[in-house]
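These notes concern the structure reproduced below.
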Amino acid sequence: MPEGHSLHRLARQFDDVFGGQTVLVSSPQGRFSSDAERIDGHQLEHAFAKGKQLFCRFSNDLYLRVHLGLYGAFSFGGDQHFTGASSIGAPRKIGESETGTTSDAESYNGPPAPVGAVRVRIVSEHGWADLRGPTACEVLDHDRVQAHLNKLGPDPLIGSAVRFRAAKGQADIADSETLLEAGHKEFRANLLKTKTPIGVALMNQSVISGVGNIYRAEALFRNRISPALPANELSAQKTRKLWWDIVSVMEDGVRDGKIITTLPEDRDPQGVIWPDNAYYVYQRQGMQCRKCSARISLAEVAARKLYWCPRCQKRPRQRHST
DNA sequence: CTAGCATGATCAC
DNA sequence: TGATCCTGCTAGC
């Protein structure tokens with residue numbers, strides 16, 4: 001599923017294979033038909049992601065906005081000019097990754113008959129993309145897109161996105177670091193605004209965008225932060241460390257197409273990295289902590305499963321003010 | 001076969 | 001806090 005790294009991979013894939021192309025947009029399922037008509041046959045100029053959302057700008061100044069939610073996924077296919085991820089979105093089993101190439105490259109004859117509930121189908125000369133099960137999928141004008149973007153907190157993958165665009169000559173690579181520093185400042189300010197537990201705040205897309213349940217749990221463990229700590233009590237130093245650590249692990253996620261947060265020295269040398277040794281705490285409740293051997297805890301918080309190590313992630317001692 | 005579950009988020013009360 | 005959106009894999013009859 002789609003945490004931020006999946007959406008940024010998706011944006012790259014879209015930009016690579018559809019960018020600058022005239023595309024046919026339809027809704028085999030029918031639910032998107034009236035919106036599809038507004039962009040059908042136009043040029044897809046540019047695709048980008050913020051947090052867990054994908055935006056595509058079309059040549060008639062309209063935008064496609066997609067939010068995959070819990071179930072949404074894209075599948076792709078096409079000829080030899082159209083390679084990359086075969087599927088990006090909700091993994092259907094633990095361990096599914098997002099890398100691979102299309103299988104019909106040799107004998108491409110256009111997209112296959114749609115299978116199941118395909119909300120949107122996008123077709124270019126060289127390939128196609130099918131979208132199923134998104135939480136949100138709509139066509140918007142620029143102002144409404146901006147309103148969505150404004151609601152989202154800083155995206156730790158902004159630097160990754162800028163470097164990708166810079167490689168195409170569409171951005172200045174120096175902006176990467178500048179924007180990440182600005183993101184850190186915004187993140188810090190957002191945390192200071194609330195007493196909400198940091199474990200909940202990290203899932204709030206207006207505080208930081210793109211972090212989901214896995215990155216939330218893993219980033220807190222890697223930084224030895226209790227998920228119960230009020231957000232405004234996280235020190236400036238810890239906040240800085242947390243931000244840059246999230247940047248680092250999520251950039252790895254974009255590169256790998258899967259989430260791996262463990263360091264080599266914390267993995268079982270006998271086992272495979274993926275998926276058995278990929279995480280410190282996520283879905284490891286009752287198992288021994290890789291660092292201290294305490295049993296990993298699990299609690300339901302705000303309708304989501306929260307995993308943490310009760311020994312490594314203790315709250316700092318309360319200081320008496322006497 | 002079906003119920004349960006999943007890396008998400010909104011809305012009503 | 002709970003219902004709902006909505007898809008597909010998996011575990012268990």
Side-chain angles (χ1 to χ4, degrees), chain A residues 1-10 27-32 49-54 65-75 85-99 114-121 129-138 144 147-149 151-153 155-157 196-197 199-222 227 246 249-254 256-262 274-276 278-285 296 298-308:
Chain A
M1 188 138 350
E3 298 198 25
H5 70 299
S6 294
L7 272 293
H8 279 261
R9 286 176 61 82
L10 195 55
S27 180
Q29 174 205 51
R31 287 185 48 180
F32 185 72
K50 183 172 185 182
K52 298 170 188 169
Q53 306 196 33
L54 171 73
R65 179 180 80 96
V66 173
H67 192 309
L68 295 177
L70 202 49
Y71 325 112
F74 272 99
S75 50
S86 56
S87 170
I88 296 180
R92 295 307 171 196
K93 57 185 182 226
I94 296 294
E96 181 174 333
S97 71
E98 296 171 348
T99 53
V115 176
V118 177
R119 184 79 59 87
V120 183
R121 165 167 283 187
D130 280 353
L131 170 63
R132 297 158 213 273
T135 270
C137 177
E138 58 183 350
R144 290 189 185 277
H148 277 282
L149 295 176
K151 277 189 236 166
L152 293 170
D155 185 341
L157 290 174
T196 303
V200 175
L202 284 184
M203 295 283 280
N204 182 337
Q205 299 300 300
S206 67
V207 170
I208 181 170
S209 60
V211 172
N213 207 14
I214 298 179
Y215 282 124
R216 177 254 303 253
E218 296 294 308
L220 289 176
F221 177 89
R222 285 165 55 105
I246 291 173
V249 292
M250 291 190 72
E251 287 186 355
D252 288 350
V254 172
D256 299 337
K258 51 193 174 191
I259 302 176
I260 299 172
T261 61
T262 50
W274 178 263
D276 296 358
Y279 309 131
Y280 285 104
V281 293
Y282 178 73
Q283 288 193 347
R284 297 193 76 243
Q285 70 276 19
I296 300 302
L298 165 63
E300 189 113 342
V301 177
R304 305 304 300 279
K305 306 225 171 189
L306 171 64
Y307 306 83
W308 78 101

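Side-chain atoms are counted along with the backbone in the values below, which use heavy atoms only and exclude waters and symmetry mates. Quick note on labels: first sequence line is chain A, next is B, and so on, each numbered from 1. Please read these numbers as outputs of a predicted model, since none were measured by experiment.
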Given the [atom1] atoms of [N] and [M], what is the spacing between them in whole Å?
{"N": "dT7(B)", "M": "dT1(C)", "atom1": "C1'", "answer": "23 Å"}
{"N": "dG8(C)", "M": "dT10(B)", "atom1": "C1'", "answer": "22 Å"}
{"N": "dC5(B)", "M": "dC13(C)", "atom1": "P", "answer": "14 Å"}
{"N": "dC1(B)", "M": "dC6(C)", "atom1": "P", "answer": "24 Å"}

May I have the distance from [X] (atom [atom1]) to [N] (atom [atom2]), rounded to whole angstrom?
{"X": "L68(A)", "N": "dG8(C)", "atom1": "CG", "atom2": "C1'", "value": "14 Å"}
{"X": "E3(A)", "N": "dT7(B)", "atom1": "CD", "atom2": "P", "value": "9 Å"}
{"X": "Y279(A)", "N": "dT7(B)", "atom1": "OH", "atom2": "C1'", "value": "8 Å"}
{"X": "H5(A)", "N": "dT7(B)", "atom1": "NE2", "atom2": "P", "value": "13 Å"}
{"X": "Y71(A)", "N": "dG8(C)", "atom1": "OH", "atom2": "P", "value": "12 Å"}
{"X": "D130(A)", "N": "dG8(C)", "atom1": "CG", "atom2": "P", "value": "11 Å"}
{"X": "Q53(A)", "N": "dT7(B)", "atom1": "CD", "atom2": "P", "value": "19 Å"}
{"X": "E300(A)", "N": "dG4(B)", "atom1": "CD", "atom2": "P", "value": "15 Å"}

* Residues in side chain to side chain donor-acceptor pair (under 3.5 Å) contact with Y280(A), at least two apart in sequence or another chain ->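 Partners of Y280(A) by the side chain to side chain donor-acceptor pair (under 3.5 Å) criterion, ordered by chain and then number, come out as D266(A).
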* Test side chain to side chain donor-acceptor pair (under 3.5 Å) applied to T135(A) - qualifying residues, sequence neighbours left out ->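 For T135(A) there are no side chain to side chain donor-acceptor pair (under 3.5 Å) partners, ignoring immediate neighbours.
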* Asked: If we only count heavy atoms from C-beta on, is the L298(A) to K305(A) side-chain gap below 4.5 Å?
  ->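 When only atoms from C-beta onward are counted, K305(A) and L298(A) do touch, with a gap below 4.5 Å.
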Is the phosphate of [N], meaning OP1 or OP2, less than 4.0 Å from a side-chain N or O of [X]?
{"X": "Q29(A)", "N": "dC6(C)", "result": "no"}
{"X": "R119(A)", "N": "dT7(C)", "result": "no"}
{"X": "Y215(A)", "N": "dT7(B)", "result": "no"}

* Asked: Considering residues at least two apart in sequence or located in another chain, which fulfil the side-chain contact (heavy atoms from CB on, under 4.5 Å) criterion with R284(A)?
  ->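 Applying side-chain contact (heavy atoms from CB on, under 4.5 Å) to R284(A) gives M287(A), R290(A), I296(A).
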* To do: Applying side-chain contact (heavy atoms from CB on, under 4.5 Å), name anything that partners A299(A), two or more places apart in sequence or on another chain.
  =>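 Partners of A299(A) by the side-chain contact (heavy atoms from CB on, under 4.5 Å) criterion, ordered by chain and then number, come out as V301(A), W308(A).
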* If you check every side-chain atom of R31(A), which of dC6(C), dT7(C), dA6(B) has the closest atom? ->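 That would be dC6(C).
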* Under the salt bridge (charged side-chain N to carboxylate O under 4.0 Å, His left out) test, residues paired with D252(A) that sit two or more places apart ->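 For D252(A), the residues satisfying salt bridge (charged side-chain N to carboxylate O under 4.0 Å, His left out) (neighbours in sequence not counted) are R255(A).
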Identify all pairs in which a protein N or O lies below 3.5 Å from an N or O of nucleotides 9-13 of chain B, and state each distance.
| unit_1 | atom_1 | unit_2 | atom_2 | d |
| --- | --- | --- | --- | --- |
| dA9(B) | OP1 | H67(A) | NE2 | 3.4 |
| dA9(B) | OP2 | K52(A) | NZ | 2.9 |

* Just by modelled atom types, is the Y282(A) backbone N or O under 3.5 Å from a matching donor or acceptor in the E218(A) side chain? ->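 Answer holds: yes.
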